[in-house]
Amino acid sequence: MTTLKIEELRSKIEGKEILKGLTLEIHGGEIHAIMGPNGTGKSTLASALMGHPKYEVTGGKVTLDNEDLLEMEVDERAQAGLFLAMQYPSEIAGVTNSDFLRSAINARREEGDEISLIRFIRKMESKMKGLEMNPEFAHRYLNEGFSGGEKKRNEILQMMLLEPKFVILDEVDSGLDIDALRIVANGVNEMRSPDRGFLIITHYQRLLNYITPDFVHVMMQGRIVKSGGPELAHRLEAEGYDWVKEELGIADEKVGEEV
Ligand SMILES: Nc1ncnc2c1ncn2[C@@H]1O[C@H](COP(=O)(O)OP(=O)(O)O)[C@@H](O)[C@H]1O
Ligand SMILES: [Mg+2]
């Protein structure tokens, strides 16, 4: 069974420790949701797992199917099947969406086993249709001039075409109206599979009305401090985070800026 195992992960950014011993294990077939206040390190976790050079890992261990993830280069992590839908997807001028996607797919395949142009186009068009994306987005420069919601759909399109083993969605619901939220959630649900694990980072419970998680975790001060089922997300939505702090005797953290 495919497994992403994070043990006591610590990470620093610009000298400041953000992840302070985070432990989490995700198996294929499972959807885990992480909720937590702003600035608590959720996006830092996503970036540290992907190997973003700004996020220095200072302790702990991460394995993907028993392979040491932290030893891998960024592209090796992607090749090993890790995928991140970013909170703020980057724009790449001069590279069209379809060129980007086809190279990304082929980079994950063996030499000589590249996807043919015709199969790629067919697949992309069918996924774009499912996501109710305008076909012209295939030929636009990557994320350039895309609205917030269009960028998010495009991240889901990438996920659907790349078919990764582990998917991290960072605030994929932010900036989406209800229709777009439903479309994005359908895309995710369609990709649910016993061979694929999901880590969904979200501020709001509403996404979890459409994607039912198996586990919900509360992250505070750089750690998972509480875990439960979907009912935990409902309680957080209704009551906020204060009760968790009280229950655990956690002092109010100085809430950082979201980056
Ligand atoms: N690139 C960065 N440069 C400086 N500080 C950062 C950077 N990324 C994150 N931080 C800091 O790390 C903390 C956690 O941020 P982040 O992981 O984005 O939180 P969350 O996603 O939970 O809102 C914040 O205090 C933020 O200011
Ligand atoms: Mg964030």
Side-chain angles (χ1 to χ4, degrees), residues 4 6 8-24 26 31-60 62 69-70 74 77 82-92 143 148-149 151-156 158-159 166-176 181 184 188 198-208 211 213 215-228 232-233 236-237 239-245 248 250-259:
L4 179 69
I6 307 167
E8 290 290 322
L9 185 64
R10 291 178 176 270
S11 176
K12 270 189 186 165
I13 176 139
E14 294 181 354
K16 187 170 136 204
E17 185 169 60
I18 305 295
L19 298 183
K20 298 172 184 163
L22 185 140
T23 297
L24 180 65
I26 305 176
I31 295 193
H32 292 245
I34 289 191
M35 299 178 77
N38 277 344
T40 208
K42 302 182 299 298
S43 295
T44 300
L45 171 65
S47 296
L49 290 175
M50 292 312 293
H52 191 299
K54 249 190 141 170
Y55 299 78
E56 186 197 348
V57 172
T58 51
V62 183
L69 190 79
L70 300 176
V74 176
R77 297 182 196 206
L82 201 60
F83 174 85
L84 168 64
M86 286 188 285
Q87 182 169 4
Y88 304 109
S90 355
E91 304 187 354
I92 306 182
N143 287 321
K151 284 183 184 171
K152 299 292 171 164
R153 280 189 216 202
N154 208 46
E155 295 287 292
I156 298 301
Q158 288 177 23
M159 171 193 75
F166 272 99
V167 178
I168 305 167
L169 304 175
D170 192 2
E171 309 273 354
V172 77
D173 49 334
S174 68
L176 295 185
L181 186 67
V184 159
V188 171
F198 286 86
L199 179 59
I200 298 182
I201 296 169
T202 178
H203 254 87
Y204 300 107
Q205 192 271 334
R206 66 173 198 162
L207 176 68
L208 307 178
I211 304 170
F215 303 95
V216 174
H217 309 279
V218 184
M219 183 169 173
M220 276 183 191
Q221 302 179 358
R223 285 188 202 96
I224 303 287
V225 296
K226 193 173 180 64
S227 299
L232 183 53
L236 292 170
E237 183 84 350
E239 300 179 35
Y241 293 97
D242 283 350
W243 66 274
V244 183
K245 290 183 200 160
L248 300 169
I250 298 177
D252 261 339
E253 70 184 314
K254 202 177 124 275
V255 174
E257 297 260 311
E258 220 179 316
V259 173

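Keep in mind the model is a prediction, meaning the values are calculated, not measured. Order of appearance sets the numbers: ligands from 1, and atoms from 1 within every ligand. Values below: all heavy atoms of this structure, side chains included; hydrogens, waters and symmetry mates excluded.
Rounded to the nearest 0.5 Å, atoms CZ (Arg153) and CG (Leu176) are 7.5 Å apart.
Among Gly39, Ser47, Gly15, the residue whose heavy atom lies closest to atom 20 (P) of ligand 1 is Gly39. The closest non-hydrogen atom to atom 19 (O) of ligand 1, taken over Gly36, Gly41, Ser11, comes from Gly41.
In terms of polar-atom proximity, defined here as any N/O pair under 3.5 Å, Ile18 makes no such contact with ligand 1. Ligand 1 has an N or O atom lying under 3.5 Å from an N or O atom of Thr44, backbone or side chain.
Counting heavy atoms under 4.0 Å from ligand 1, residue Lys42 touches it through both backbone and side chain. Within the 4.0 Å heavy-atom criterion, the part of Ile13 lying near ligand 1 is the side chain and not the backbone. Only the side chain of Tyr55 comes within 4.0 Å of ligand 1, counting heavy atoms alone; its backbone N, CA, C and O stay farther away. Looking at Met219 against ligand 1, nothing comes within 4.0 Å, counting heavy atoms.
When all heavy atoms are compared, the tightest approach of Pro37 to Met219 is CD-O, 3.4 Å.
Within the 4.5 Å cutoff, the side chain of Leu169 has no heavy atoms near those of the Val184 side chain. Put simply, the side chain of Leu248 does not reach to within 4.5 Å of the side chain of Met220, judged on heavy atoms.
Using cut-offs of 30° and 60° on the angle between ring planes, the pair His52 and Tyr55 is perpendicular.
Contact annotation: Asn38 places no N, O or S atom under 2.8 Å from the Mg ion (ligand 2). Contact annotation: Thr44 places no N, O or S atom under 2.8 Å from the Mg ion (ligand 2).
Shown in contact with Asn38 at under 4.0 Å from a heavy atom are these atoms of ligand 1, numbered in order with element: 23 (O).
Side-chain polar atoms of Asn38 and His203 form a donor-acceptor pair below 3.5 angstrom.
Residue contacts with ligand 1 include Lys16, since one or more of its heavy atoms lies under 4.0 Å from the ligand.
When the side-chain contact (heavy atoms from CB on, under 4.5 Å) test is applied to Val57, the partners found at least two apart in sequence or on another chain are Leu9, Ala48, Leu70.
Checked for salt-bridge contact, Glu237 and Arg206 miss the test: no charged N lies under 4.0 Å from a carboxylate O.
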